[in-house]
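Remember, it's 1-based here, ligands and their atoms both numbered in the order they're listed.
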Amino acid sequence: MTRNDELFERAQRTIPAGVNSPVRAFRSVGGTPRFFTRGEGPYAWDADGRRLIDYVGSWGPAIVGHAHPDVVRAVQDAATRGLSFGAPTEVEIEMAETLVRRLPSIELVRLVSSGTEATMSALRLARGFTGRPKIVKFEGCYHGHGDSLLVKAGSGALTFGQPSSAGVPPEIANLTVVLPYNDVDALEAAFRAEAHAIAGIIVEPIAGNMNLVVPSREWLSALRTTCDRHGAVLIFDEVMTGFRVHPRGVQGLYGITPDLTTLGKVIGGGMPVGAFGGRRDIMQKIAPLGPVYQAGTLSGNPVAVAAGLATLALTEAPGFYDRLAAKTRALTDGLAAAAKRAGVSFCANAVGGMFGLYFADRVPASYAEVMACDKERFNRFFHAMLDAGVYFAPSAYEAGFVSAAHGDDDIAETIRKAERAFAGA
Ligand code: KE4
C-alpha cells in the first residue's frame, strides 16, 4: 500500500468518501484520488512523490500557476497583520474597485467566501428586487450547491448521475424552471407561460460544468432581450469564466451585459473569495441598504483578498490572455491531431484558458450531446494520462484549465503522452 493509498484509507474514516468536495473522489473515473502535497507553477506532487502536470488548477483559481511568488508574498504579508477582523478593511475596497474597473456591468459589488454564496445571494436578490418567486436555469449548468440550483445541475451532481439532489424539498425545486442550454424556442415558451412569476435567469454564459459547452450568440442575446422584455434579472454566473476566458469574462467576449454577475475562483487566486455585483438599483436592495439580507463572517477576508488582488494584477500583464489562449489552443489542437493519427473518435475545444475534451466526432453544443460522448473511453484516457504524469479533471463532465505557468514544453510533453494514451484508449 502506498502512502497515497494510506491517506485515502485514513481520510475515509472521518471524512465522507475521504473528500471535502464530491468530484475529488474519483467516483466517476474510478481508482484512488491523488492527495496533493505541494504545487509549483504548472505542477503538483502527490503523496507518493509523483509529479503531475496539472490541468485542473484547483478547478480554475490557479490561473498564474501554483505558489506564484507574488501571490505567496501577498498572503504572507497580509497574514502578519492579522487574519480577520469582521470589520471593513482597505484591501476590500481595492478588490471592489478592481472588479468595477474590469467589469463595467458592475456598479456595486459585495464579496463573499465562495461561488455558492455568490449565486445563492444573487438569486435571493433577484427575487427580492422583482418580488417574483421563480428562477430559470439550464440543464447541465452548475451554480454551486444552493437548494434552488441543485436541480438538473452539472459538475459533481451530473458526474454522479444525481443532477437533482436529495434534501431539496419539492416546494423549492418547483420554483426552479430548468430549460435546455442553447435553445431559444424553449426559452421563449417558458416566458410565454409564466413570465409574471420569473424573477430571473441564471446562466453559465459559457458552460464548464457539463464539460465545456459554448453558447450560440443568438441564444445568449435572447437571454438578454427576454429579460428586458419581461423585467427579469439576467445573472451571468462567471465564477468559472470570469477573468478566465477573456480579460472581461464572457460579457466582454460577447459584448452582452448582464444585470448581475457572480464571481469566484480566479478572484481569490486559490483562497476563498466569491463576489456578486451589478446594477446599482438592484444591488441597493442588499442589507443594510435594502430588505434583502445577506452576510458573512469572513466575507472580504483581507488575507484571501490579498491573494486575489495579487493574482488579478498578474493577469493584467500585457498579452497575458493572448498567451494563455494560444497555449490552450495549442494543447487542444495537439490532442485532436494525436487522436486523429491514432484513429480515435475525439475532439477538443478551447476558449481563453479553458478547454473541453470529448470522445465524440464533433464538439457538443448541448447537454444531450455531451451525454452522448463516450465516457468510458474518457475514463481510460484519464487514467492512462494520470499514470503518465498528466492530471486532467477526474470527470468527463468538467472543463480543464491551463495556467500562465504551463510552458510550451509542458504542452508538448502532454501531447506526446496522449499519443500513447490514445493508442491504448
Ligand atoms: P464554489 O462554491 O465551489 O466556490 O463555486 C460554485 C460554482 C458556481 N458557479 C460555477 C459556474 C462553478 O463552476 C462553481 C464551482 N465549480 C466546480 C467545478 N466544476 C467546483 C469544484 C467542486 O465542486 O469541487
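A salt bridge links Arg279 with Asp259; the closest basic N to acidic carboxylate O contact falls under 4.0 Å. Taking a cutoff of 4.0 Å between a charged side-chain nitrogen and a carboxylate oxygen, Arg51 and Glu413 qualify as a salt bridge.
Annotation: salt bridge (Lys or Arg N to Asp or Glu O under 4.0 Å) contacts of Asp183 (sequence neighbours excluded): none. Partners of His406 by ring pair (Phe, Tyr, Trp, His ring centres under 6.0 Å), not counting sequence neighbours, listed by chain and number: Tyr55. For Phe35, the ring pair (Phe, Tyr, Trp, His ring centres under 6.0 Å) test picks out no residue, with sequence neighbours left out.
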Identify all N/O pairs between ligand 1 and the protein with a separation under 3.5 Å and present them as a table of atom names and distances.
unit_1, atom_1, unit_2, atom_2, d
ligand 1, 2 (O), Thr116, N, 2.9
ligand 1, 2 (O), Thr116, OG1, 2.7
ligand 1, 4 (O), Gly115, N, 3.0
ligand 1, 9 (N), Asp237, OD1, 3.3
ligand 1, 9 (N), Asp237, OD2, 2.7
ligand 1, 13 (O), Asn209, ND2, 2.9
ligand 1, 16 (N), Lys265, NZ, 3.1
ligand 1, 19 (N), Ser155, OG, 3.3
ligand 1, 19 (N), Asn209, OD1, 2.4
ligand 1, 19 (N), Glu398, OE1, 2.7
ligand 1, 23 (O), Ser21, OG, 3.4
ligand 1, 24 (O), Ser21, OG, 2.6

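Side-chain N/O atoms of Tyr43 and Asp410 include a donor and acceptor closer than 3.5 Å.
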